[in-house]
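One structure is given below, encoded as structure tokens.
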Amino acid sequence: MTAVTDQDHTEHADRAGETVTEMDQHDDAASDEGRAQKRTDADGRAHARVESDDDSGRTDSTEAAESWDDGLIARRVTEGAAPKQAAALEIRPHTAQPADPLAHAGVLRSRLEALRELVGLSRTRVDSRTLAEAGRVLDEASARRRLSGQHTVVAIAGATGSGKSQLFNALAGVPISETGVRRPTTAAPIACSWSDGAASLIERLGIPPRLRRRPLQNGDADSQLHGLVLVDLPDHDSAAVQHREHVDRVLALVDAVIWVVDPEKYADAVLHERYLRPMAGHAEVMFVVLNQTDRLPGEATEQVLDDLRRLLDEDGIALGEYGEPGATVLALSALTGDGVGELRELLGQFVTERGAPARRISADVDAAAVGLRPVYATRRRTGLSEEAREEFAARLADAVGATAAGEAAERAWARNANRACGTPWLRLWRWYQDRTEPATGRLLLRAQADEEATARQRVEHAVRTLADRASAGLPAPWAQAVREAAVRGSQGLPEALDELAARAGLPPGRPPRPGWWPAAVLAQAAMTILQVVGGLWLLGQIIGFMAPNLGVPVLLMMAGIVGGPLIEWSCRMATRGPARRYGTEAERRLREAAAGCGRARVLDPVAAELLRYREVREQYGKVAGVGAV
């Protein structure tokens, strides 16, 4: 992934003053007897320079008072060479210069803000180990921003015997880092700064003042690398675990890296698998130097260089060729100086751009985005469809028996109508049946218990189905969060539905009656009166109380006997529509109550988790540099 840079938006602020102590840098004096190392006195011999961090208002008075004498790195010259070296170095006045903080403007700033927002939204959903790298990138970016933006920290890394310390000395123009056949030679990181104001940056790397040096002051070369802080690292393949820890720690903090390889171990698996391949996204802040070309005959250098480029391409490292951004690959010999000038020139251009810190941070953000992709990105459409919501509401309605309740309400309305409009004889018969039917309370309780168990199972199944649909396609942490939200909401849901069903079910008492019911009752009463009158008339004729005349009483009785059932049938037909509407209304109320309960307890928490995921996915899209994921 290509790193994003914001070189044109570097902000300038006051640089914090720092006090520097002047120390000598001495050339090695070769002789047949070896190197004679002697401490220089305070009479006119130059002193080695050690930088101390004044950002916190502290100075190292001990280091300032003493000459360079650490035993491991110090290189002393003979008495005859000392005056010449002293003339080459100029004592600089102690001046307090303001430090320019590194400014992350434009795209990089928005990406860092999105990453911070992403981490904040994800802390309760994603485990801390997954977010650890993103948090480290944010912390390091914030720390780097507070430090000098006018300096570029470049580390020289390499394997045992690759000659990185020799190259370090060649760039500095003075033997600072120890070289030799003893392995490992460099035991701790050594820093060399070409300008003032870098003490806080070096302090961030954990390099003590006794391991901070100044290069040989050499006019054009010194101005060419103004702002460079060069760090010589221990061997990354050192047998000492502490050395490797130094390498890993400093590589995570520097702005750029110069990888030094030699013709024998340039294809070393440790280098490529542990460092180059994982840092493929940092190609724009990476130099790969093939050292010791003086050992290669003829065209062997070009052949080895081509093979090195092939390996880097297999590692996924973009090469900065043909004007494209990427790693710089070149060959040189630190021993003979062949190619060192070209590297110095490239470093000068690289440092002058002042864009390495932003490129490094952008590459770190890219790497963090790649690591977080399985947690946020998905190619499937996520969320709850309207169909899934309606199905969930329907399942809850079935669990509370909304359909059965509506049918019961319809039957109750019709039964009430039949009782009001039925013949007195039929009503009397039904009353008798109700009084003589045996009690079935035990069977009713068992049926209710079975219905409650079935209703609970239906609710659990509805919640489980909804959770599966809502979490489908989500990354694992967010799918788990959705399921947990659904499970939490389902606790107590069956009891809440039962309570709602009791409140929203059939109203107490008899169903309401339409306005025409009194007329039907009067008509039914009239039919009953006709039957009674006709019967009494016939009875009077039978006992001789009235004159015989069968036609009229029989007609009255037949009218009452036929009219009563006819009125009852007509009322039953007329009550079908109102009864159906009454049952439908009761079912609707119960369905709405069940849907509202399910929405409040399950759907809303699940929707909140899905909304949070959409928010973090949007933030991740900004971090990854794409509009949508």
Next item on the list: Please name all residues satisfying salt bridge (charged side-chain N to carboxylate O under 4.0 Å, His left out) with Asp268, sequence neighbours left out, ordered by chain then number.
Entry: none
Next item on the list: Side-chain contact test, heavy atoms from C-beta onward, threshold under 4.5 Å: evaluate it for Leu271 versus Trp259 and give yes or no.
Entry: yes
Checklist line | Asp364/Arg144 salt bridge by N-O under 4.0 Å criterion | finding: no
Checklist line | Partner set under salt bridge (charged side-chain N to carboxylate O under 4.0 Å, His left out) for Glu133, not counting sequence neighbours | finding: Arg136
Checklist line | Flag, side chain of Asp237 to backbone of Thr160, donor-acceptor distance under 3.5 Å | finding: yes
Notebook entry, point to check: Which salt bridge (charged side-chain N to carboxylate O under 4.0 Å, His left out) pairs, counting each pair once, include a residue from residues 287-301, with sequence neighbours left out?
Noted result: Glu264-Arg295
Item checked: Arg204 (side chain) donor-acceptor with Leu253 (main chain) under 3.5 angstrom -> yes
Notebook entry, point to check: Among pairs that include at least one residue of residues 114-142, which meet ring-ring contact (aromatic ring centres under 6.0 Å, His included), considering only residues two or more places apart or in two chains?
Noted result: none
Notebook entry, point to check: Arg116: what forms a salt bridge (charged side-chain N to carboxylate O under 4.0 Å, His left out) with it, not counting sequence neighbours?
Noted result: none
Item checked: Partner set under salt bridge (charged side-chain N to carboxylate O under 4.0 Å, His left out) for Asp338, not counting sequence neighbours -> none
Check: Is there a side-chain contact between Tyr266 and Ser162, using heavy atoms and a 4.5 Å cut-off?
Finding: no
Notebook entry, point to check: Does a donor on one side chain and an acceptor on the other come within less than 3.5 Å for Ser142 and Asp139?
Noted result: no
Item checked: Pairs where residues 242-252 contributes a residue and the test salt bridge (charged side-chain N to carboxylate O under 4.0 Å, His left out) is met, not counting sequence neighbours -> Asp248-Arg274
Notebook entry, point to check: Under 4.0 Å between a Lys/Arg side-chain N and an Asp/Glu carboxylate O for Glu140 and Arg360?
Noted result: no
Next item on the list: Quick one: which residue pairs count as a ring-ring contact (aromatic ring centres under 6.0 Å, His included) with a foot in residues 298-318, not counting sequence neighbours?
Entry: none
Notebook entry, point to check: Using 4.0 Å as the upper bound for N to carboxylate O, is an ion pair formed by Arg359 and Asp255?
Noted result: no
Note to self: Going by the rule ring pair (Phe, Tyr, Trp, His ring centres under 6.0 Å), which residues pair with His236 if we only count those two or more places apart in sequence or in a different chain?
What the structure shows: Tyr275
Next item on the list: Of all the heavy-atom pairs spanning Val340 and Ser333, show the shortest one and how long it is.
Entry: CG2-O, 3.8 Å
Checklist line | All pairs passing ring-ring contact (aromatic ring centres under 6.0 Å, His included) where residues 349-368 contributes a residue, at least two apart | finding: Phe287-Phe350
Checklist line | side chain to side chain contact (heavy atoms under 4.5 Å, CB included) partners of Ala327, counting only residues at least two apart | finding: Ala283, Met286, Ile317
Notebook entry, point to check: Which pair of heavy atoms, one from Trp194 and one from Gly227, lies closest together, and at what distance?
Noted result: CB-N, 4.5 Å
Note to self: Do Asn169 and Gln166 have side chains that approach each other closer than 4.5 Å (heavy atoms only, starting at C-beta)?
What the structure shows: no
Item checked: Non-hydrogen side-chain atoms of Arg111 and Lys622 separated by less than 4.5 Å -> no
Notebook entry, point to check: Are the side chains of Thr293 and Thr336 in touch, meaning some heavy atoms are under 4.5 Å apart?
Noted result: no
Check: Looking at residues at least two apart in the chain, or sitting in another chain, which of them share a side chain to side chain donor-acceptor pair (under 3.5 Å) with Arg310?
Finding: Asp307, Glu314
Item checked: Considering all heavy atoms, the nearest Ile361-Ala141 contact -> CG2-CB, 3.8 Å
